[in-house]
2 protein chains.
Amino acid sequence: MKGVQTTRKTSGRSRPASQTYDHIIAERKRREQLSQQFVALSAIVPGLKKMDKTSVLGDTIKYLKHLQQREKELEEQATKQTMESVVLVKKSQLLLEDEGESSDQQEGCSNEQPLPEIEAKMCDKHILLRILCEKHRGVLVRILSEMDKLNLDVINTSVAPFGSLTLDITIITEVSSTKAQLT
Amino acid sequence: MKGVQTTRKTSGRSRPASQTYDHIIAERKRREQLSQQFVALSAIVPGLKKMDKTSVLGDTIKYLKHLQQREKELEEQATKQTMESVVLVKKSQLLLEDEGESSDQQEGCSNEQPLPEIEAKMCDKHILLRILCEKHRGVLVRILSEMDKLNLDVINTSVAPFGSLTLDITIITEVSSTKAQLT
DNA sequence: GAGCACACGTGAGAC
DNA sequence: TGTCTCACGTGTGCT
């Protein structure tokens, strides 16, 4: 090889003696670590055509950018999907904000989201309202009066018990005049 | 510097002459490219404490693994969210598979998913079924007969027109005997 | 033989 | 003060 001699140096200049050996070994170790992480990186990054360091780094950068963008897309999409129901839950809390005795949420069914669960759809002038709430006295009147406040003419209502504690309410309304809105 | 001599070499051994110069330059270029991608990578990977190559590669690997796992989580979660409705749509197509005249999907409302739209919930022995479908003759009977085939006792039904072309159906059933299931 | 990619030893700067 | 990290020139193998 070139200069693998243990004790001496060819130039004899510039530095003590055996210390250069430590330098060689340290550098060797550092290089080994680097190469090691290069192979680790190559193993992780998919679709590697060329395996030289430059290509590995380049493809890693490309892949990383791709992943970052995709993460944002998925995250955005995930929040978008829950947006609607979140808004509906907010509206439900507005409607039933001064409910007195509904302290704790009822559980026990195979459902993930807490009651009340409200779903709204619009078609032409019609609004379909599907409500799943705790079985309490007077809820229907409250809801219908709220509909009235919003200038929504009730076309059809259906109330049915679902399980022992829950009430399923379906209401179809129609926008009565031109000044009605869903604030 | 050390050996930047243009035409000669110190050792005088092993290789022609000016060709070594090309070698030096080529190697220089390669190194520059590598370092360039190192800085590019450092710019992309967030939360870099140490900026030396080994640390950059190490943190890149960690960050990459983190991103990959997160991508799977989000993707999985996204499909999970649509899973339920997809299954329900599948079931709906089974129910209405031999429907004759419903060739094209009706549109025109502020809705994203095509009809029929079916939602099912279970609580104790009760099953709540909410269906939004095209307004056709005999759909209710078909659905109720299907309920009967599944040994589901109908407790309550509600059918109401929603818009001009849509029908909102709410059905609450109860598992009749012990041998009933939702295949 | 030209071109490329790599690991090596080595000097120098940084803390 | 050492210790770490880097870029450099160079030899070598592979295509």
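These numbers come from a predicted model, not from an experiment. Naming: A, B, ... by sequence-line order, numbering from 1 per chain. No hydrogens, no waters, no symmetry mates; every other heavy atom, side chains included, goes into these values.
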Taking only residues two or more places apart in sequence, or in another chain, which ones meet [X] in a side-chain hydrogen bond (donor to acceptor under 3.5 Å, both in side chains)?
X      : value
B:S55  : B:D52
A:E71  : B:R70
A:T60  : none
B:T157 : none

field: Residue whose nearest DNA chain D nucleotide is more 5′ - B:D52 or B:E27
entry: B:D52
Using OP1 and OP2 only, check whether a side-chain N or O of [X] sits under 4.0 Å from [N].
X     : N     : answer
A:K53 : C:dA7 : yes
A:R30 : D:dC4 : no
B:R28 : D:dG9 : yes

message: I'd like to check A:L167 versus A:K135 (side-chain heavy atoms, cut-off strictly below 4.5 Å). Are they in contact?
response: yes
message: Would you say that A:S164 contacts B:H126 through its side chain, given a criterion of any heavy-atom pair below 4.5 Å between the two side chains?
response: no
task: Check salt bridge (Lys or Arg N to Asp or Glu O under 4.0 Å) between A:E73 and all other residues, then give those that pass, not counting sequence neighbours.
output: none
statement: Taken to the nearest 0.5 Å, the spacing of A:E76 CD from B:L74 CG works out to 12.0 Å
message: Please report the distance, rounded to the nearest Å, between CE in A:M51 and C1' in C:dC4.
response: 17 Å
- request: Would you jot down, in residue-number order, the residues of residues 54-62 of chain A having a non-hydrogen atom under 4.0 Å from DNA chain D?
  value: none
- prompt: Got a sec? Which of residues 31-43 of chain B come in under 4.0 Å of DNA chain D, heavy atoms?
  reply: B:R31, B:S35
task: Please list, chain by chain and in numerical order, all residues satisfying side-chain contact (heavy atoms from CB on, under 4.5 Å) with A:T173, sequence neighbours excluded.
output: A:I127, A:M147, A:L152, A:V154, A:I171
task: Answer with yes or no whether B:H23 presents, from its side chain, a donor or acceptor under 3.5 Å of a partner atom in the base of D:dG11.
output: yes
Taking distance alone, no hydrogens or angles, what donor-acceptor pairs closer than 3.5 Å link side-chain atoms of residues 39-51 of chain B to residues at least two apart or in another chain?
from: B:S42; atom 1: OG; to: B:F38; atom 2: O; distance (Å): 2.5

task: Would you mind reading off the bend of the helix from C:dA2-D:dT15 to C:dC15-D:dG2 from its two end axes, five pairs each, to 10 degrees?
output: 0°
- line: In short, salt bridge (charged side-chain N to carboxylate O under 4.0 Å, His left out) pairs touching residues 30-46 of chain B with sequence neighbours left out are B:E27-B:R30
